[in-house]
Amino acid sequence: MKEKLMRFMYGRYGVDTFGKFLLWSGVILMLITSIFHFRIFYVIGWVFVIYSYYRMFSRQTYKRALENQKFLQHTSKIRGFFAKQKYMAAQRKTHHIYKCPNCKQKIRVPKGKGKIEIRCPKCQTTFIKKS
C-alpha cells in the first residue's frame, strides 16, 4: 500500500507551508461554523481544504512553489516575530535579559551569578543587577 501511494505521489507537489496553512485555516473555519452557525465560513473552509488538496496532488510543481514563495514572503514578519518570541522564551530558562538604562540595548546575562556589574557593549554604560 505504501508503494502504491509513493507511485501515485511521484511527480506531484505534496505538502508545503502554504498547503498546511490552507488546510488548518479551513478546519478552523469549519469549527467556528459549528459554534456560531455562519454558513459562509463553512463554505470558505471547504474551499480552503479542497484547494489545499488540489495543491498537494498538482503536477504543476513550479506554480505551486511560486505560490508558496509568495506566501512565505508575505508572512515573513509574522513568522519572524513568533520565532523571536520562541527564542526569547528558551533563553529565559538560563539567562536574564536586561535593557541598558542609557541606550535600551538588550543584554543577556547568565542566571545564578549573584549581584554583578554589567557593561553595555554598545554605549559602555555600567550598571549593577542581580542575575
Side-chain angles (χ1 to χ4, degrees):
M1 189 66 172
K2 184 178 179 181
E3 286 182 29
K4 286 184 180 181
L5 181 63
M6 287 175 59
R7 269 188 267 133
F8 175 74
M9 288 302 290
Y10 183 76
R12 299 182 190 273
Y13 188 66
V15 182
D16 62 0
T17 308
F18 184 46
K20 289 177 187 177
F21 172 77
L22 286 172
L23 189 62
W24 282 108
S25 297
V27 169
I28 289 170
L29 284 173
M30 285 189 248
L31 289 173
I32 289 172
T33 300
S34 67
I35 296 170
F36 296 110
H37 304 292
F38 293 133
R39 183 104 175 129
I40 189 72
F41 286 168
Y42 186 73
V43 172
I44 293 171
W46 271 110
V47 168
F48 281 6
V49 169
I50 290 169
Y51 187 61
S52 172
Y53 276 97
Y54 167 75
R55 292 184 82 255
M56 276 189 251
F57 298 132
S58 174
R59 290 187 184 265
Q60 299 173 338
T61 56
Y62 182 73
K63 287 183 179 180
R64 302 296 85 85
L66 285 178
E67 290 172 355
N68 190 46
Q69 279 300 108
K70 285 182 183 178
F71 173 76
L72 292 174
Q73 286 174 352
H74 290 309
T75 60
S76 64
K77 289 183 181 178
I78 296 168
R79 289 181 297 109
F81 172 77
F82 284 111
K84 186 176 179 182
Q85 296 304 315
K86 183 178 177 182
Y87 175 76
M88 293 296 283
Q91 291 296 311
R92 284 191 183 99
K93 292 179 182 176
T94 58
H95 293 81
H96 282 289
I97 299 172
Y98 296 112
K99 283 189 178 180
C100 173
N102 190 25
C103 66
K104 308 300 184 206
Q105 171 75 31
K106 288 184 180 178
I107 304 167
R108 189 178 73 140
V109 178
K111 284 186 175 182
K113 301 290 183 188
K115 270 191 173 180
I116 58 172
E117 182 177 351
I118 302 168
R119 180 181 306 272
C120 176
K122 188 175 179 182
C123 69
Q124 304 303 321
T125 303
T126 59
F127 55 99
I128 298 174
K129 291 283 186 175
K130 183 179 176 185
S131 73

Student: Tell me whether the rings of Phe18 and Tyr51 are parallel (<30°), tilted (30 to 60°) or perpendicular (>60°).
Tutor: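 The rings of Phe18 and Tyr51 stand perpendicular, inter-plane angle above 60°.
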Student: Inspect the contact between Arg64 and Glu67 and indicate whether a charged nitrogen and a carboxylate oxygen are less than 4.0 angstrom apart.
Tutor: yes
Student: Do Gln124 and Arg119 make a side-chain contact, defined as non-hydrogen atoms from C-beta onward lying under 4.5 Å apart?
Tutor: yes
Student: Tell me, please, which residues at least two apart from Leu23 pass side chain to side chain contact (heavy atoms under 4.5 Å, CB included).
Tutor: Val49, Ser52, Tyr53
Student: To the nearest 0.5 Å, what is the distance between OG1 (Thr33) and CZ (Arg39)?
Tutor: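 Between Thr33 OG1 and Arg39 CZ, I get 9.0 Å after rounding to 0.5 Å.
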Student: Roughly how far apart are Leu22 CG and Asp16 CG, rounded to 0.5 Å?
Tutor: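 Reported value, rounded in 0.5 Å steps: 8.5 Å.
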Student: Is it the case that one hydrophobic cluster holds both Phe71 and Tyr54, taking links as side-chain heavy atoms less than 4.5 Å apart, direct or via other members?
Tutor: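 Yes; Tyr54 is reachable from Phe71 via cluster members.
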Student: Quick check: do Asn68 and Tyr13 have side-chain heavy atoms less than 4.5 Å from each other?
Tutor: yes
Student: Considering all heavy atoms of both residues, which atom of Gln60 and which atom of Ser58 are nearest to each other, and what is their separation?
Tutor: N-OG, 3.1 Å
Student: Could you list the residues that satisfy ring-ring contact (aromatic ring centres under 6.0 Å, His included) with Phe81, not counting sequence neighbours?
Tutor: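 If we apply the ring-ring contact (aromatic ring centres under 6.0 Å, His included) test to Phe81, skipping adjacent residues, there are no hits.
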Student: State plainly whether one hydrophobic cluster holds both Ile50 and Ile44, where clusters connect Ile, Leu, Val, Met, Phe, Trp and Tyr through side-chain heavy atoms under 4.5 angstrom apart.
Tutor: no
Student: Spell out, yes or no, whether Leu72 and Phe82 are grouped together once hydrophobic residues are joined by side-chain heavy atoms under 4.5 Å, including indirect joins.
Tutor: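 No; Phe82 is not reachable from Leu72 via cluster members.
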Student: ring-ring contact (aromatic ring centres under 6.0 Å, His included): which pairs involve residues 107-131, sequence neighbours left out?
Tutor: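 Every candidate ring-ring contact (aromatic ring centres under 6.0 Å, His included) pair involving residues 107-131 fails, so no pair, neighbours aside, qualifies.
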Student: Applying side chain to side chain contact (heavy atoms under 4.5 Å, CB included) to Leu29 and Phe48, what does each step give before you reach the verdict?
Tutor: CA-CA 9 Å; Leu29 284 173; Phe48 281 6; 4.0 Å; yes
Student: Quick one: does Cys120's side chain get under 4.5 Å of Ile107's, heavy atoms only?
Tutor: yes
Student: Quick one: does Val15's side chain get under 4.5 Å of Arg55's, heavy atoms only?
Tutor: no
Student: Please examine the side chains of Met88 and Lys106, heavy atoms only from C-beta on, and report whether any two atoms are closer than 4.5 Å.
Tutor: yes
Student: Measure the CD1-OG1 distance between Ile116 and Thr126 for me, rounded to the nearest 0.5 Å.
Tutor: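 Rounded to the nearest 0.5 Å, the CD1-OG1 separation comes to 12.0 Å.
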Student: Is the centre of the Phe8 ring less than 6.0 Å from the centre of the Phe57 ring?
Tutor: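 So the answer is yes for these two rings.
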Student: How many angstroms lie between CZ in Arg59 and CE in Met9, if you round to the nearest 0.5 Å?
Tutor: 9.5 Å
Student: Going only through I, L, V, M, F, W and Y residues with side-chain contacts under 4.5 Å, is there a path from Met56 to Leu5?
Tutor: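 Looking at the clustering, Leu5 is in the same group as Met56.
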Student: With sequence neighbours excluded, tell me which residues meet side chain to side chain contact (heavy atoms under 4.5 Å, CB included) with Tyr87.
Tutor: Gln91, Arg108
Student: Holding to side chain to side chain contact (heavy atoms under 4.5 Å, CB included), I want the full list of residues that pass it with Phe36, two or more places apart in sequence or in another chain.
Tutor: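 So Phe36 forms a side chain to side chain contact (heavy atoms under 4.5 Å, CB included) with Ile32, Phe38.
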Student: May I ask you to test the Phe41-Met30 pair for a side-chain heavy-atom distance under 4.5 Å?
Tutor: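 Answer no - side chains too far apart.
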Student: Would you say NZ of Lys63 has more than 12 non-hydrogen atoms from neighbouring residues, nucleotides or ligands within 6.0 angstrom?
Tutor: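 12 or below, so no.
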Student: Please report, to 0.1 Å, the donor-acceptor pairs under 3.5 Å made by any side chain of residues 95-102, with sequence neighbours excluded.
Tutor:
from: Tyr98; atom 1: OH; to: Lys130; atom 2: O; distance (Å): 2.3
from: Asn102; atom 1: ND2; to: Thr125; atom 2: OG1; distance (Å): 3.3

